[in-house]
Amino acid sequence: MEQVIHDAKDRLGMYGKKTILFIDEIHRFNKSQQDYLLPFVEDGTVTLIGATTENPYFEVNSALISRSVIFELRPLSAEDIRTLIHRAVYDKKKGMGAYGAEIDGDAEEFLADLSGGDARRALNAVELAVLTTDPGPDGRIRITMDVARECIQKRAARYDKKGDNHYDTISAFIKSMRGSDPDAAVYYLARMLSAGEEPAFIARRIMICASEDVGNADPNALVVAVNCSLACERLGMPESQIVLAQAAEYVAAAPKSNTAVESIGRAMDTVARTGSLPIPPYLQDAHYGGASKMGRGIGYQYAHLYEDHYSGQQYLPDALKDSSFYEPSENGYEEQIRRRLGQLTGKEKYFKKESLRQREDG
């Protein structure tokens, strides 16, 4: 790299010619190597063109990114790939038409589909098919579906455990479960497993979704997710894929509630704003000598001594006695939780608007 920069400086100083520096797979350059290029990009010694199959915002230094124009090259459409395949087979100047080959329509469509938008993969398959297939009685090489299958054995999974394909796929998986689409969830699960993703990683995401997006609307979702994680540890692949599918489908199909996320968020904000407010003395620990002299534990109402095992005592600090953190939804089991808390406490937040009007009318 130093020699390239040295030559670029000489070329600019002696002849006034600028240098275009093309770096393929620039994500393989470490931070120090990328930092080395920065001043020469800034002063115009080189015009840098970097190519990467990864998300540059993840893999390239922010300083280089800020001085660059980013172009995203998307996969080719199946129709574009079919055009390239047809040209490769029949065009005598730009393709392999001189070999006298022909390709069946279903084989052409098959190769276009399995190439995954990668022209190189499709053309390699065509080249292999033409060069390894014997001509028929008419002297023509015929690329049939069977030949196509032999020449493109398996679709390459566009997935890197450290790249953006990894993050995009797990994001789609989680959002599919959150969006109650078990079909999409199990599809993205299959993509991750086919690419070699660790079952433990997937199981952790299912556990998070079971609590974050299902919560108390179906408390059993977390039980299923945790047991899925434990089962994956004990089973290994390929059996773990069945357990993961069961858990993902259960979480996707379960009623949804994000009240756990909202309640802990509100509580954390309150703690950050108010600090450690005094805990009511009757709630403080009284299991030590002299506690009663300090008023600890005096006045505590043991809930099990009261009707419905509910005393109605205040548990929040005085400054927060009217605060509301957990507000159950009306989905799934959480509807029962909301209704029970409403019956016990009489607090309006646990009643539907219709129920409130009925109470007022009554």
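These values consider heavy atoms only, across backbone and side chains, with no hydrogens, waters or symmetry-generated copies.
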Item to check | Candidate pair Gln3 and Asp7, rule side chain to side chain donor-acceptor pair (under 3.5 Å), full reasoning | outcome: CA-CA 6 Å; Gln3 185 61 49; Asp7 293 344; 2.9 Å; yes
So do [Y] and [X] actually touch side chain to side chain, heavy atoms under 4.5 Å?
X	Y	answer
Asp322	Leu316	no
Pro56	Ile65	yes
Leu341	Lys347	no
Thr144	Asp106	no
Asp104	Ile143	no
Ile264	Met268	yes
Glu197	Leu189	no
Asn61	Lys31	yes

Under 4.5 Å between side-chain heavy atoms, hopping through other hydrophobics if needed: is there a path connecting [X] to [Y]?
X	Y	value
Val126	Leu114	yes
Leu38	Tyr36	yes
Leu131	Leu84	yes
Phe201	Ile174	yes
Tyr310	Tyr350	no

Do other residues, nucleotides or ligands put more than 12 heavy atoms under 6.0 Å from the [atom1] atom of [X]?
X	atom1	result
Glu102	CD	yes
Ile279	CD1	no
Phe325	CZ	yes
Tyr99	OH	no
Glu212	CD	yes
Met237	CE	yes

Whether the side chain of [X] engages the backbone of [Y] through a donor-acceptor N/O pair (distance < 3.5 Å, no angle test) should be reported.
X	Y	answer
Ser263	Ala260	yes
Lys175	Phe173	no
Asn30	Gln33	yes
Arg67	Ala63	yes
Thr83	Glu79	yes
Ser68	Ile70	no
Arg191	Tyr187	no
Asn124	Arg120	yes
Asn216	Glu334	no
Gln34	Phe29	yes

At what distance, to the nearest 0.5 angstrom, does [atom1] of [X] lie from [atom2] of [Y]?
X	Y	atom1	atom2	result
Arg204	Glu198	CZ	CD	9.0 Å
Ser229	Arg205	OG	CZ	11.5 Å
Leu111	Ile103	CG	CD1	5.0 Å
Asn331	Asn258	CG	CG	10.0 Å
Arg338	Gln343	CZ	CD	10.0 Å
Ser257	Glu262	OG	CD	7.5 Å

Are [X] and [Y] close enough that a side-chain donor and a side-chain acceptor fall under 3.5 Å?
X	Y	value
Ser115	Asp118	no
Asp218	Tyr250	yes
Ser329	Glu335	no
Thr45	Asp43	yes

Considering only distance and modelled atom types, tabulate donor-acceptor pairs under 3.5 Å from the side chains of residues 14-26, sequence neighbours left out.
from	atom 1	to	atom 2	distance (Å)
Thr19	OG1	Arg11	NH1	2.5
Glu25	OE1	Arg28	NE	2.4

Please report the closest heavy-atom contact between [X] and [Y], naming both atoms and the distance.
X	Y	result
Val214	Lys256	CG2-CD, 3.9 Å
Ile85	Ala112	CD1-N, 3.7 Å
Ser176	Ala184	OG-CB, 3.4 Å
Val147	Arg142	CG2-O, 4.1 Å
Cys228	Leu244	SG-CD2, 3.6 Å
Ser324	Lys349	OG-NZ, 2.9 Å

Next on the checklist: Please determine whether ring pair (Phe, Tyr, Trp, His ring centres under 6.0 Å) holds for the pair Tyr306 and Tyr302, giving the CA-CA distance in whole Å, both sets of side-chain angles, and the decisive distance to 0.1 Å.
Outcome noted: CA-CA 8 Å; Tyr306 294 82; Tyr302 187 55; 8.9 Å; no
Item to check | Residue pairs fulfilling salt bridge (charged side-chain N to carboxylate O under 4.0 Å, His left out) with at least one residue in residues 266-279, sequence neighbours excluded | outcome: none
Item to check | For Glu307, all residues meeting side-chain hydrogen bond (donor to acceptor under 3.5 Å, both in side chains), sequence neighbours excluded | outcome: none
Next on the checklist: Taking side chain to side chain contact (heavy atoms under 4.5 Å, CB included) as the criterion, tell me which of Asn227, Val224, Val251, Val226 meets it with Met207.
Outcome noted: Val226
Checklist entry - Would you call Arg82 and Glu108 a salt bridge, using N to O less than 4.0 angstrom? => result no
Item to check | Leu230 and Arg234: CA distance, side-chain angles, deciding distance, side chain to side chain contact (heavy atoms under 4.5 Å, CB included) verdict | outcome: CA-CA 7 Å; Leu230 295 174; Arg234 289 161 172 75; 3.7 Å; yes
Checklist entry - Between Met96 and Tyr90, is a side chain to side chain contact (heavy atoms under 4.5 Å, CB included) present by the stated rule, with each step listed? => result CA-CA 6 Å; Met96 304 184 74; Tyr90 296 104; over 6 Å; no
Item to check | Evaluation steps, side chain to side chain contact (heavy atoms under 4.5 Å, CB included), between Ile141 and Asp134 | outcome: CA-CA 6 Å; Ile141 297 171; Asp134 294 328; over 6 Å; no
